[in-house]
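All heavy atoms count here, side chains included; hydrogens, waters and symmetry mates do not.
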Amino acid sequence: MRTSDLNVLIEAMDPFLPLEGFHPAEWLKREENIALTDSDGSCALFEYVKPGIYYGHYFFRKRGREAVKLSHEFLNEIFETARIVVGLTPVEKKAARWMSRHVGFKSQGIVDTDMGEHEMFMLTKEEYNGLHLRRQEV
C-alpha cells in the first residue's frame with residue numbers, strides 16, 4: 001500500500017541511512033514519488049523521472065520466497081502508474097541482482113557511478129504483464 005509516513009520510510013531504510021544526497025522528508029514531499037510498504041517494515045520507493053518512468057529502490061526485511069512475492073505485489077501496484085521502472089544495483093549485491101532478474105527485470109549492463117559499479121535493470125509494464133500472464137497459465 002502507498003504511504004507518506006516518514007517514520008515508516010526511515011524504519012525500513014535505517015540499515016542503509018544516511019544515503020548521500022537522499023533526504024527522506026524531501027523525497028516524500030514530491031507527490032510524484034511513490035513509496036509502497038507492507039505491514040512488516042519493507043518498502044519500495046519509486047522515484048519519479050518523467051511521466052510513466054520511475055527509478056525503483058527496494059528496502060526489504062523479507063527474504064527468499066516472501067521477498068519475491070512482495071516484489072510482485074509492489075510491481076503490480078506501481079505498474080498501475082508506471083510504464084517503465086529502472087534500477088541500479090551494486091555489483092556486490094548478488095542476491096539483489098538475482099531478485100531483479102527473477103521478477104522480470106532485464107540487465108542493461110554494468111555502469112560506473114559515483115558510488116562504484118552498478119548493474120542497471122529495466123522492466124516495462126508490457127514485459128511485466130506478459131510475464132504475469134504466463135505465470136497464471138502455469
For the atom pair CG (Asp40) and CG (Leu70), what is the distance rounded to the nearest 0.5 Å?
-> 9.0 Å
N/O donor-acceptor pairs under 3.5 Å from side chains in residues 52-66, not counting sequence neighbours:
{"from": "His57", "atom 1": "NE2", "to": "Glu47", "atom 2": "OE1", "distance (Å)": "3.4"}
{"from": "Arg61", "atom 1": "NE", "to": "Gly41", "atom 2": "O", "distance (Å)": "3.3"}
{"from": "Arg61", "atom 1": "NH2", "to": "Glu11", "atom 2": "O", "distance (Å)": "2.5"}
{"from": "Lys62", "atom 1": "NZ", "to": "Asp38", "atom 2": "OD2", "distance (Å)": "3.1"}
{"from": "Arg63", "atom 1": "NH1", "to": "Phe60", "atom 2": "O", "distance (Å)": "2.8"}

Check whether Val49 and Phe46 end up in the same hydrophobic cluster, where Ile, Leu, Val, Met, Phe, Trp and Tyr are linked by side-chain heavy atoms less than 4.5 Å apart.
-> no
Contact summary for Ser4 and Leu28, nearest pair of heavy atoms | O-CD1, 3.8 Å
Under a single-linkage definition using a 4.5 Å side-chain heavy-atom cutoff for Ile, Leu, Val, Met, Phe, Trp and Tyr, are Ile84 and Leu36 assigned to the same hydrophobic cluster?
-> no
Which atom pair, heavy atoms only, marks the closest approach of Ser42 to Thr37?
-> O-OG1, 2.9 Å
How about Thr124 and Asn129: do any of their side-chain heavy atoms sit closer than 4.5 Å?
-> no
In terms of hydrophobic clustering (I, L, V, M, F, W, Y; side-chain heavy atoms under 4.5 Å; direct or indirect links), are Val8 and Ile78 co-clustered?
-> no
Under 3.5 Å, side-chain donor or acceptor atoms of residues 112-123 against the rest of the protein: list the pairs with distances, not counting sequence neighbours.
{"from": "Thr113", "atom 1": "OG1", "to": "Met115", "atom 2": "N", "distance (Å)": "3.0"}
{"from": "Thr113", "atom 1": "OG1", "to": "Gly116", "atom 2": "N", "distance (Å)": "3.4"}
{"from": "Thr113", "atom 1": "OG1", "to": "Gly116", "atom 2": "O", "distance (Å)": "2.7"}
{"from": "Thr113", "atom 1": "OG1", "to": "His118", "atom 2": "ND1", "distance (Å)": "3.2"}
{"from": "His118", "atom 1": "ND1", "to": "Gly116", "atom 2": "O", "distance (Å)": "3.0"}
{"from": "Glu119", "atom 1": "OE1", "to": "Arg97", "atom 2": "NE", "distance (Å)": "2.6"}
{"from": "Glu119", "atom 1": "OE1", "to": "Arg97", "atom 2": "NH2", "distance (Å)": "2.9"}
{"from": "Glu119", "atom 1": "OE1", "to": "Arg101", "atom 2": "NH2", "distance (Å)": "3.2"}
{"from": "Glu119", "atom 1": "OE2", "to": "Arg101", "atom 2": "NH2", "distance (Å)": "2.4"}
{"from": "Glu119", "atom 1": "OE2", "to": "Ser107", "atom 2": "OG", "distance (Å)": "2.5"}

So which heavy atom on Met99 is nearest to which on Ala67, and how close?
-> CE-CB, 3.3 Å
Can you name the closest pair of heavy atoms from Glu127 and Lys106 and give their distance?
-> OE2-NZ, 3.4 Å
Evaluate side-chain contact (heavy atoms from CB on, under 4.5 Å) for Thr81 paired with Ile34, printing each intermediate quantity in order.
-> CA-CA 10 Å; Thr81 303; Ile34 298 172; 4.1 Å; yes
Kindly indicate whether the side chain of Tyr48, heavy atoms from C-beta on, has any atom under 4.5 Å from the side chain of Glu31.
-> no
For Asp5 against Thr3, the heavy-atom pair lying closest together = N-OG1, 3.0 Å
Criterion side-chain contact (heavy atoms from CB on, under 4.5 Å) on Tyr128 and His72, from CA distance to verdict | CA-CA 9 Å; Tyr128 183 71; His72 286 297; 3.0 Å; yes
Could you tell me whether a side-chain N or O of Asp14 sits under 3.5 Å from a main-chain N or O of Ile10, the two making a donor and an acceptor?
-> no
Arg2 (side chain) donor-acceptor with Glu77 (main chain) under 3.5 angstrom | no
Throw together a table of side-chain donor-acceptor distances under 3.5 angstrom for residues 86-93, partners on residues two or more places apart or in other chains.
none

In the single-linkage hydrophobic clustering (I, L, V, M, F, W, Y; side-chain heavy atoms under 4.5 Å), do Val111 and Phe105 co-cluster?
-> no
